[in-house]
Each structure stands twice: as structure tokens, then as C-alpha cells.
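Quick note on labels: first sequence line is chain A, next is B, and so on, each numbered from 1. Computed from a predicted structure; not experimentally measured.
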There are 2 protein chains.
Amino acid sequence: MTKSIDPLEVDFRALQVLVWVHQLRSFTRAAEELGVNQSAVSYTINKLREVFRDPLFVRQARSLHATPRCEDIVIQAKRLTAEFRQLAAPPDFDPGTVSQKFTIACNFYERVLIIPEIVHTLKGEAPNLQLEIIDASGRGHERLLRNEADLLIGPLERSDPHLYRRDLYQDRYVCLFDPAHPKASAPLDLEDYLKLDHVLVTYGGHWRSRYIVELERMGLELKVALKVPSPAGLERIVAGSRLVATIPERLSKSVGADLRVVTCPVHTSVTIGLAWTTVNHRAPLNMWVREMIYRLNARARKGG
Amino acid sequence: MTKSIDPLEVDFRALQVLVWVHQLRSFTRAAEELGVNQSAVSYTINKLREVFRDPLFVRQARSLHATPRCEDIVIQAKRLTAEFRQLAAPPDFDPGTVSQKFTIACNFYERVLIIPEIVHTLKGEAPNLQLEIIDASGRGHERLLRNEADLLIGPLERSDPHLYRRDLYQDRYVCLFDPAHPKASAPLDLEDYLKLDHVLVTYGGHWRSRYIVELERMGLELKVALKVPSPAGLERIVAGSRLVATIPERLSKSVGADLRVVTCPVHTSVTIGLAWTTVNHRAPLNMWVREMIYRLNARARKGG
DNA sequence: TGGTTGGCATCGAATTTTTTGATGCTGTGC
DNA sequence: GCACAGCATCAAAAAATTCGATGCCAACCA
């Protein structure tokens, strides 16, 4: 009779039935309200009676009275269902209130060209966001998969089956010369290019710049006079020297201020894009940040 | 595919499955833990995926990763299930902390003889209880059924099918005389009793004292010289007069201080008891109060 | 006092949901 | 490239829920 039913097999619909019966003081009308048979309501209330070990509702004279315990349970049930509903509702993402952590992995290029604007906009629209920029160190994919970063911005090569990606724009390569360099004024052909003394930016990790890959594909090789891990300080290296550096065009706007910029004769380009994992694919914050970055780069995408 | 499942048909067991999968990072081991088939876990998680419109768990390389939304949901799910468990658990009633309202209906007799001790004990053990004593006005049953009172203490007559009851003790009737009254010293027989001038305590409502009912049953009638609604002030009415009052013995200890008390020749007694409704039958507070009152009257019950 | 009625309880049948066991599929590690 | 781990999926079985009909009880009415 008073067999102990595991409380866990109560569902929120049962609580809903309880609330309606309590509200309407009638099994029959609650059943109508819920669009089910009266005996289904009876069944549900009986189950709840066993779960709570309490009569919940008793008939007194004409009307149905709720026990004190029932009153209590109804109040809690309303709260629990409301909270669960809210939990189940598609999270109405509000940038203004998010206070989550968000980590972006990227490298020098993106830190100089993309990140500042992102940070500015993000901090403006989501002031409480705990934003962190980490160095991808040429291992962006790995860091994504380890959940060390929520989003990777960088030059994307192969399409990794584990990652989602979205391209932002393509960037051509240009060569940086000291303005006094003999080849600095004329258009540069491939033959001349190969004769120059090059500063090679390795970008640290396993990354190999697209123009290097392209040259290799053609069976050619660069005369590398100096290797540097990043374009930081590149300007002062090239200035006043015979060295030539090949870097993405957009980067030259930043680091090539007083240098001569000439189109690179190796016709290829690097694709800058976003990458993320399935874990974050549907996360509202991640989606929102992705969308924002994509929009911020709309101009660059159109070749600006 | 993304069909919208009503969140209300999620039960707490499903949330439990979610929590275990999250904990163990494995459908299979969660299934073992829960003692069900792996495909049942898969089924449940799939249902939750539809409810929450989120993958919840994604496989990445070797391991199962939880989405950010999932992390959030798990935290909430733990809280909700814990709260529901507590709600479903038989309420471990603690008098020290109850702060409910509790209303006792009774009449003059009980207010004088029983209530003071009850109030004292109740306030001692349940300091936050909001206790209210209301006058039954001879309509105690009615007030109970209307939930105006949680408990009725009084002389119980017929056994009302709607009410539960528990008897406390029985009280015989005694007669109060002015000490100077000629009949005050000797034992009183029925013949003399009927010749006396009586003060009849009506107790207000529909109540008829048991000795009156008994006399009636014998076809006898009292010479009523004065009717008063309650024993309040009875002492001063009887003192210095020829009038005789018949009241329950225990009451005479309070209101008959300077009067002569003689056993009433109508051999009957009134039963004082508790009455309550089904609504409160299983309510812990009500049960606790009932038990306490019963214990407090243990002495009286043994004829003290 | 007996008939009528409103409303919850209960029963067997029908329906729906959940579980099971078997099998498929995909990515990993050797 | 093969074997394995582990989730997905399928059909059948089991269990839970709902339905429609009916029972039953108390209240109300004449």
C-alpha cells in the first residue's frame, strides 16, 4: 500500500498536474485543462501520493482540500518547474551580462591585426566577459582540442575533421625592402626574388608560410640569410639592410611603415580563419564571438 | 530532427543519467552505474539533447567532452534533483524550527484547564510556532471542516465520520455550593439535587452537558433559576447564594476555590478529546501537537 | 427516505514510452 | 590495415501511461 516509489521517476508533467489540481481544486477540471482523461489525473496524483507518502488532496464535504504538505509541495513544485523551464529554454544569450571566461588562441599576425579590434568591441558589448588571449604557438589545433582555447584565429591549412572553421579573408604576400635597396622601386620578378637575401619569419611552431610551400611545390628554394620567429622588430631588421622579408600584405601596413612594400612574385595567399570544436559549436557565447569577428573582418574580406 | 520536445516530460531520473554521464564521461559506465543498458542511456541523452537543443556531449578523439551548456545544465540538474529529493523525503519534523501557524479551537473549559500548559510547553519546544487559540463557540466541528482551526479540543459527542478523534480523559460532574448552603455538607442524592435551584452553564452554542442529557434520558428535569453562557464568574454567583452549579470536576478546582464541592448524583461524565480532519491527519506538526497534548494529559487520564 | 448527481477511484484495453539485446558505425591505437 | 572501444540505431519486449467505462461514496433534493 505505502510502497516506496523512487521519487526520481516523477517528471515535471506530474508536478504540473499537481499544480493544476491544486489550483482548480478538481481532478476533472484539471484533466480538462491539461487535455487528458480524468483517470490519467487520478493515476498521476496517486503516484505522487505514494512518492510523497501523503494524501495530498482529501475530499471534505463537497470540496477538495489540500493537505498542509501538499500546499508546501505545490509551492516548491511551481518553483522547480519554473526553474527547469528556464533551464530548458534556449538560452537567450545576452552579451551585456555574460561573465564567462573566453579564451582565444592566435599568433603574432592576429594579435597585431585582428585582436585589438576584437578586444575593443568585445569589451564594449560584453563588459563582464573574462577574455583571455593565448599564444597558439603553432599548435592551435591541439589547444582547441584540449579545450585550452575556445576559439582559434589563424592561418588555416588542412581542414581538420575535428574542427569547424570559417574563413575570414585571404591575404597576399608582399616583400619589404629598405627604401634604399636597388630592387625596391621596380616590380619584382621571381628570378630577382630568388637572388635576394631573405629574412625568413618562421612563426615559431610547425607552420610553414604559404609562399614557402608554393616555392617548394615549384622546386625552388629561398636564400635564407636570417631566421626570426616572428615579425616583431622586423622593420628595424630590414631598414638599413640588404635583407628582404616576405610577409602578408596586411601585416606590412603595421610593421612596414617606413619600408618599401612590393608585391611578392610568388602568387599565393594565406587564408585567415576561425576554428573551433564541436564542444563549442552550439555554445551561444562562442557563436556570438564568432559572428562578431566575422563581421569585423567583412571589409578585409572584400579586399580592403 | 530538431523537433521541439516538451521539456516537461523530462523526469528526474533522466537528469540523474545526465549527471552520471557527465561525471563518468562515458555512456557505458554510466549505464553500468545505473544498472541499465547502454542503449537506454543513449536514448535518454538523446531525449535530453532534443529538450535542450544542445549536443550536451561530443566525442573528441578518445574522450567524451561536455559542451559549455551541458556543464551549466549539469550544475542546475544536480541542484534541482537534490531539492526535489528533499521535498520528497519524509519531512523530518523539527519543532525547534517550525514557524507555521497553528490554530486550536476550544472553549472555556479547555482554555482554563488544558490550554495554559499546552501553550507553555509548545512555546518552549517550538518557539517560532505561530499559535492561535480561537473560541470553538460550540461549533468546533464546523470550524475544523472549514480549516479555521487545525485542532479542536473539547467535549466530543457523536463520532463524526469526517473527523478523527482521540480521547484525553473523562471528567465527572460535581456540584458547587456556597459553604453556608444547607445541603453543602452531606452527600447529595438525586432527589435533593432535583429540588435545588440551579445555575445552568449553557456553554454558548449547541452543546448540552452530559448530565443534562442523562437526566433527560431518565425523564427528569432541572429547576433552572439562572442560565449563564460560561463558567466565568460562576464562583461569585454561587458564593453567598442558594444557587447550585453543576460543572466538571476538574473545572471546580479552578472556579470553585472557596465553594463547597460535592459529587453530582447524576452519574455520568464528559469525555474531553482532540478532533481533527483528514487534511491534517498526516501533517507532522499536527501529529506532533496531538501527541504532546495527549502526553500532557496522561495524569488526568489516570484519574488524577 | 430514497433517488439523483457530482466527482474521484478503479478496471481492462489500447497506446505510448522505455528498455533490451543485437548490430552498425566511426575513430583510435597498434 | 586490423582489432577494439564506445556511442548510435533498430526491432522486439516490457513497462508505464492513457483511455473509456463503470463503480462507489457522499451530498443534495424532494
Side-chain angles (χ1 to χ4, degrees), chain A residues 1 3 5-6 8-18 20-22 24-51 55-67 70 141-142 145 160-163 277-279, chain B residues 1 3 5-18 20-22 24-51 55-67 70 142 145 160-163 277-279:
Chain A
M1 191 104 291
K3 73 181 155 203
I5 281 206
D6 188 340
L8 290 184
E9 63 191 39
V10 171
D11 61 15
F12 287 97
R13 192 178 297 289
L15 294 184
Q16 212 52 18
V17 171
L18 180 78
W20 274 110
V21 170
H22 178 265
L24 300 175
R25 292 295 142 103
S26 160
F27 284 32
T28 309
R29 269 173 291 148
E32 284 167 13
E33 184 64 41
L34 293 160
V36 295
N37 197 306
Q38 169 264 315
S39 92
V41 171
S42 192
Y43 175 87
T44 301
I45 295 295
N46 265 325
K47 200 175 71 171
L48 292 174
R49 279 172 170 156
E50 286 174 7
V51 169
L56 300 177
F57 299 101
V58 294
R59 290 181 72 171
Q60 225 159 58
R62 198 73 175 156
S63 55
L64 204 63
H65 281 247
T67 64
C70 179
H141 289 60
E142 206 176 306
L145 293 177
D160 192 312
H162 296 311
L163 299 180
T277 64
T278 45
V279 165
Chain B
M1 190 105 291
K3 72 181 156 203
I5 280 205
D6 188 338
L8 290 184
E9 63 191 40
V10 172
D11 62 14
F12 288 97
R13 191 178 298 287
L15 294 184
Q16 213 51 17
V17 171
L18 180 78
W20 275 110
V21 169
H22 178 264
L24 301 175
R25 292 294 142 106
S26 160
F27 283 33
T28 309
R29 269 174 293 148
E32 283 167 15
E33 184 66 40
L34 293 160
V36 295
N37 197 306
Q38 170 264 314
S39 95
V41 171
S42 191
Y43 175 88
T44 300
I45 295 295
N46 265 326
K47 201 174 72 170
L48 292 175
R49 281 173 169 157
E50 285 174 6
V51 169
L56 300 177
F57 299 100
V58 295
R59 289 181 73 172
Q60 226 158 59
R62 199 79 177 149
S63 57
L64 204 63
H65 279 246
T67 64
C70 179
E142 205 176 307
L145 293 177
D160 192 312
H162 298 310
L163 299 181
T277 64
T278 46
V279 165

query: Has B:Ser42 got a side-chain N or O lying under 4.0 Å from the OP1 or OP2 atom of D:dC7?
result: no
- prompt: CZ of B:Phe27 versus P of C:dC25: gap in Å, rounded?
  reply: 19 Å
- line: When rounded to whole Å, the CD to P distance for the pair A:Glu32 and C:dG6 reads 13 Å
field: D:dA5 base / B:Gln38 side chain donor-acceptor hit below 3.5 Å
entry: no
field: Selected nucleotide, minimal atom distance to B:Thr44 side chain, candidates D:dG6, C:dT19, D:dA8
entry: C:dT19
A:Phe57 CZ - D:dC25 P separation (whole Å): 23 Å
- request: Would you mind telling me which residue lines up with the more 5' stretch of DNA chain D, B:Ser26 or A:Arg59, judged by nearest nucleotide?
  value: B:Ser26
task: Kindly say whether, by distance alone, the side chain of A:Ser39 makes a donor-acceptor pair under 3.5 Å with the base of D:dG20?
output: yes
Gap between atoms CZ and P, on A:Arg13 and C:dT18 respectively (whole Å): 11 Å
task: Would you check if the side chain of A:Ser39 reaches a backbone N or O of A:Ser42 as a donor-acceptor pair within less than 3.5 Å?
output: no
message: Just the rounded figure in Å: distance from C1' of C:dT18 to CG of A:Asp11.
response: 13 Å
message: Main chain of A:Leu64, side chain of A:Arg59: is a donor-acceptor contact present, judged purely on distance under 3.5 Å?
response: no
query: Closer than 4.0 Å, any side-chain N/O of A:Tyr43 to the OP1 or OP2 of D:dT18?
result: no
- line: Rounded to whole Å, CG of B:Asn37 lies from P of C:dA22 at a distance of 10 Å
task: Check whether any side-chain N or O of A:Arg49 sits under 4.0 Å from OP1 or OP2 of C:dC8, and answer yes or no.
output: no
query: Which is true for A:Ala40 with a 4.0 Å heavy-atom rule: it touches a base, it touches only sugar-phosphate, or it touches nothing?
result: sugar-phosphate
field: Parallel, tilted or perpendicular: rings of A:Phe57 and A:Phe27 (30°, 60°)
entry: perpendicular
query: How long is the line joining CG of A:Leu48 and C1' of C:dC8, in whole Å?
result: 16 Å
message: For B:Val21, run the side chain to side chain contact (heavy atoms under 4.5 Å, CB included) check against B:Ile45, B:Thr44, B:Leu48, B:Leu56 and tell me which one passes.
response: B:Ile45
message: Rounded at 0.5 Å granularity, tell me how far CD in A:Glu33 sits from CD in A:Gln16.
response: 10.0 Å
message: Please tell me if B:Lys47 has a side-chain N or O lying less than 4.0 Å from either OP1 or OP2 of C:dT17.
response: no
query: Please give, in whole Å, the distance from D:dC7 P to B:Arg29 CZ?
result: 8 Å
